[in-house]
2 protein chains.
Amino acid sequence: MPAGASGLSRPEGGPAATARHAVTAEEVARRAGVSQSAVSRAFTPGASVAPRTREKVLAAARELGYRPNAMARTLITNRSRIIGVVMAYLDNMIYPDVLEKLAAGLQRRGYQMLLFTGFKDRHSDPVFEQVMQYRVDGLLLASTTLSSDLSDECTAAGVPVVMFNRMTEHPLCSSVTSDNRNGGRQIAEFLVAGGHRRFAYIAGAAISSTNRDREAGFREGLSRHGFSQIGYAEGNLELGDTRTAARGLFAADEPPDAVFVGSDHMALAVMEVARHEFGLRVPEDVSIVGYDDVGAADWPSFSLTSFSLPVEPMVDAAVELMMEQIESSSILSHHRVVPGCLAVRGSARLPGGPVRDRDGTLIWAPGGME
Amino acid sequence: MPAGASGLSRPEGGPAATARHAVTAEEVARRAGVSQSAVSRAFTPGASVAPRTREKVLAAARELGYRPNAMARTLITNRSRIIGVVMAYLDNMIYPDVLEKLAAGLQRRGYQMLLFTGFKDRHSDPVFEQVMQYRVDGLLLASTTLSSDLSDECTAAGVPVVMFNRMTEHPLCSSVTSDNRNGGRQIAEFLVAGGHRRFAYIAGAAISSTNRDREAGFREGLSRHGFSQIGYAEGNLELGDTRTAARGLFAADEPPDAVFVGSDHMALAVMEVARHEFGLRVPEDVSIVGYDDVGAADWPSFSLTSFSLPVEPMVDAAVELMMEQIESSSILSHHRVVPGCLAVRGSARLPGGPVRDRDGTLIWAPGGME
DNA sequence: GTGAAAGCGCTAACAG
DNA sequence: CTGTTAGCGCTTTCAC
């Protein structure tokens, strides 16, 4: 017996009703005195129906409570107007935001969202089999870690795949990411300019392209200034692991004076450990920088300096890419990299003067970005 | 042009493939040298097929990459095995958790989840029309605020509705909630025992049953001890409004020494305002208690005392309720109230001795709950 | 246990 | 513009 069965309950039940047969176009047609195809046309935008006929149909439909059956329509049009969205877990605070914006974007174009999530531990394959049976028009993969052959199967089945917040070498997948590499590098520049000397990186999912690029950018930026030996630990996008990682770093003989954490979600946990377990002041004793710029980063308690993941433009790009492929019924491989910027707050020591990227781009300047 | 279109991009495209026609049962049948119905049976658990036939079919299916078409099946069985989930917004940190667990629970029973979210501002009716066209087998409404006639339409269409984390007077809806009233009362008892004298309540969505019950319980508990005048403000489940509400309360002539905030999501914001805008120490100057017991409540920075929303049992109950109705194809009105308990942390002053509810239940005792 | 045949509710030609 | 007709891919009798 599940725990939920305990507690107060009203076993008496209450009123009951039995499922009614759904109204069909046929019935509406009879009532409106037209043919069944007329009903279909009345509900098809842009179909050629006399205004008077359409009126009659809509009236009859309203009276009967008719709603076109999307399943039947799918069967014949070969378009479900459903997009499968795969997000293994939602604990990174950006995902709820992505989900909301994505749903809104798809809805606006008349698409629905079939969501697959909550299989952190279990394997994703059975899940995937299910998605495909629903003949989704497209698949959006938004977990940084997911078996890549999943996308193989999709493209083989002619279903366009858009990767969100991750890249792939797969030749027939599109992707939308933030500018991870640049972000990592700009953070390095910023921290070096801030006078730090002992750096560390805490990785998310080490195998993901997202983590790989952020780390690569960070190392690249550091090595430009001669720092090639840095502390390293893996948080695996998981709070427990992240805390362990942070403890290891801070307990070292030469603890870092600047830590770049691969995502805000983890960075906040690192900050907690630094302050409450090691009594470190941020940023006086250690600077902490994250990536994603989640809402909580801006809370006074954290005031986390972070490189932004531009969710809205990324979602827009993803939806656009998806629609393009659905409409052209061809699978292309487009990769969009959406630029972000460093949101400078209080968790990292401020540099004395302006900071520029290697190409001259202004990353930060005292007193605001002019 | 959306912002996402800027930034780096590889316009050259890449390889392209055209959607292939999906494999049908007919084709599998030909290849396996059996009839199309045999194929259907091979994929129907519990159908009467000779093991040898099934083997042949499965082999052919594998070779061809066949997957049964769920849409076609829906059309004939009149069961989509899809549950519509309506969650207007996901910013309350409990919702991602609910979503994950719900998806897992449904998936385990062979159901998919069609998610409707991201319409905080927009009206939900057009959204709803869409859901119904996909012939969902059931609808789970998990936003505390949603037009109630939405459920009318569902039950009229024979679709079972389960409300999650909210109640309704509607006679043909089921619901699963936490024990809001008890929670509110226990918090009152705890705060009174802690020696507080000036109480305040910050409401979520004032019209929601969830808020109503939490507030009623709180007031009930306080009035038992003679406190009937309390501070009140509305946060509307919205961070901006919540901060404004908190500012109003703390800036008053006689600011509260104990605040119960209708949800953790808002409570954390209130704590931020108290500390960083008013320089108040928590709990020395003001005690703050929340409801939901979200993950962040346990972070050292907040250490928020909170009444738990037992997500897992609630989700289990909701799924169970839903399955019951789908399987019996009758709509019942069951209301489950899942008990929670007070998670005592550091954001509220501790009472000197054990605290009991009016019925004698132990709410809290020094040194743990024995 | 298996195949033939009849639809599920709808769209999409096709004549008129 | 409208009705008729033929399926979409599948499940489900119904004989065999």
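Only this structure's heavy atoms are used, side chains among them; waters, hydrogens and symmetry mates stay out. The chains referred to below are lettered A, B, ... by the order of the sequence lines, with proteins before strands, and numbering in each begins at 1.
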Measure from [atom1] on [X] to [atom2] on [N] and round the result to the nearest Å.
| X | N | atom1 | atom2 | value |
| --- | --- | --- | --- | --- |
| B:Leu75 | C:dC10 | CG | C1' | 8 Å |
| B:Arg67 | D:dC8 | CZ | P | 21 Å |
| B:Glu27 | D:dC10 | CD | C1' | 14 Å |
| A:Met71 | C:dG9 | CE | P | 13 Å |
| B:Lys56 | C:dG1 | NZ | C1' | 12 Å |
| B:Glu26 | C:dA4 | CD | P | 10 Å |
| B:Arg30 | C:dG3 | CZ | P | 14 Å |
| B:Gln36 | D:dT12 | CD | C1' | 11 Å |

For this session: Consider only side-chain N and O atoms of A:Thr177 and A:Asn165, and report whether a donor and an acceptor are under 3.5 Å apart.
Result: no
Could you tell me whether the side chain of [X] and the main chain of [Y] form a donor-acceptor pair under 3.5 Å?
| X | Y | result |
| --- | --- | --- |
| A:Arg81 | A:Gly110 | yes |
| A:Ser174 | A:Leu332 | yes |
| B:Thr24 | B:Glu27 | yes |
| B:Ser333 | B:Pro171 | yes |

Which nucleotide in [options] has an atom nearest any side-chain atom of [X]:
| X | options | answer |
| --- | --- | --- |
| B:Arg73 | C:dT2, D:dT11, C:dG9 | D:dT11 |
| A:Ile76 | D:dG7, C:dG9, D:dC10 | D:dG7 |
| A:Thr77 | C:dA12, C:dG3, C:dT2 | C:dA12 |
| B:Ala25 | D:dC10, C:dT11, D:dC1 | D:dC10 |
| B:Ser35 | C:dG3, D:dC10, C:dC10 | C:dG3 |

Exercise. Below 4.0 angstrom from OP1 or OP2 of D:dC10, is there any side-chain N or O of B:Tyr66?
Worked result: yes
For this session: Could you check whether A:Thr24 gets within reach of a base, just the sugar-phosphate, or nothing at all, counting any heavy atom under 4.0 Å?
Result: sugar-phosphate
For this session: Give A:Val34 one of three labels, base, sugar-phosphate or nothing, depending on what nucleic acid heavy atoms sit under 4.0 Å from its own.
Result: sugar-phosphate
Taking atom types as they are modelled, is there a donor-acceptor pair under 3.5 Å from the base of [N] to the side chain of [X]?
| X | N | answer |
| --- | --- | --- |
| A:Arg41 | D:dG3 | yes |
| A:Arg135 | D:dG9 | no |
| A:Ser37 | C:dT11 | no |

Exercise. Where each residue is assigned the nucleotide of DNA chain C containing its nearest heavy atom, which of B:Ala72 and B:Thr53 is assigned the position nearer the 5′ end?
Worked result: B:Thr53
